[in-house]
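Report on the following structure.
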Amino acid sequence: APEAHVDLENQRLARRAGQQTTYESRMRRSDGGAVDVLITGVPRAYEGQFAGTIAVITDLTERKQAEAARMMLEAQLRESQKMEAIGTLA
């Protein structure tokens, strides 16, 4: 998506300006599958000039799965509470 490229360019420019950046993205694994990741980029300087970035990439697969499971359980709990309320009224 074009907006993703613009965002990545903004992140790169921020690091060149000396700012640490943290953002979510999607990457391809060696088997071709997609994986959601959290990328933290820390700019490095040499003699006062931007010299590159050190990046830490964290796989968010387990976190995303846990969030989805939590949301499903919360929805089930709300539905159960509705049914209980209906039963109490009857």
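Worth knowing before you read on, the calculation uses all heavy atoms, side chains too, and leaves out hydrogens, waters and symmetry mates. Because the structure is a prediction, the values reported are computed rather than measured.
Taking hydrophobic clusters as Ile, Leu, Val, Met, Phe, Trp and Tyr residues chained together by side-chain heavy-atom distances below 4.5 Å, Val35 shares a cluster with Ile57.
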Result block: side-chain N/O donor-acceptor pairs under 3.5 angstrom for residues 16-23, not counting sequence neighbours:
from: Thr21; atom 1: OG1; to: Arg15; atom 2: NH1; distance (Å): 3.0
from: Thr22; atom 1: OG1; to: Thr40; atom 2: OG1; distance (Å): 3.3

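Sorted by first then second residue, the salt bridge (charged side-chain N to carboxylate O under 4.0 Å, His left out) pairs that include residues 41-69, not counting sequence neighbours, are Glu24-Lys64. Sorted by first and then second residue, the pairs that involve residues 30-40 and meet salt bridge (charged side-chain N to carboxylate O under 4.0 Å, His left out), not counting sequence neighbours, are Arg26-Asp36, Arg29-Asp31.
Grouping Ile, Leu, Val, Met, Phe, Trp and Tyr residues whose side-chain heavy atoms lie under 4.5 Å apart, directly or via other members, leaves Val56 alone, with no other cluster members. Met71 belongs to no multi-residue hydrophobic cluster, having no ILVMFWY side-chain contact under 4.5 Å with any other such residue. In the hydrophobic clustering, where aliphatic and aromatic side chains (Ile, Leu, Val, Met, Phe, Trp, Tyr) are joined below 4.5 Å either directly or transitively, Leu60 groups with Leu38.
Within a 6.0 Å sphere centred on CD of Glu84, other residues, nucleotides and ligands contribute 12 heavy atoms or fewer.
Residues meeting the side chain to side chain contact (heavy atoms under 4.5 Å, CB included) test with Gln49, sequence neighbours left out: none. Not a single side chain to side chain donor-acceptor pair (under 3.5 Å) links Gln65 to another residue, sequence neighbours left out. Remark: Arg28 engages no residue in a side chain to side chain donor-acceptor pair (under 3.5 Å) (not counting sequence neighbours). By the salt bridge (charged side-chain N to carboxylate O under 4.0 Å, His left out) test, Glu79 is found to be paired with Lys82, residues two or more places apart in sequence or in another chain being considered. Shown here are the side chain to side chain donor-acceptor pair (under 3.5 Å) partners of Glu74, two or more places apart in sequence or in another chain: Arg70. For Ser25, there are no side chain to side chain donor-acceptor pair (under 3.5 Å) partners, not counting sequence neighbours.
Between Pro43 and Phe50, the closest heavy-atom pair is CB-CE1, 4.0 Å.
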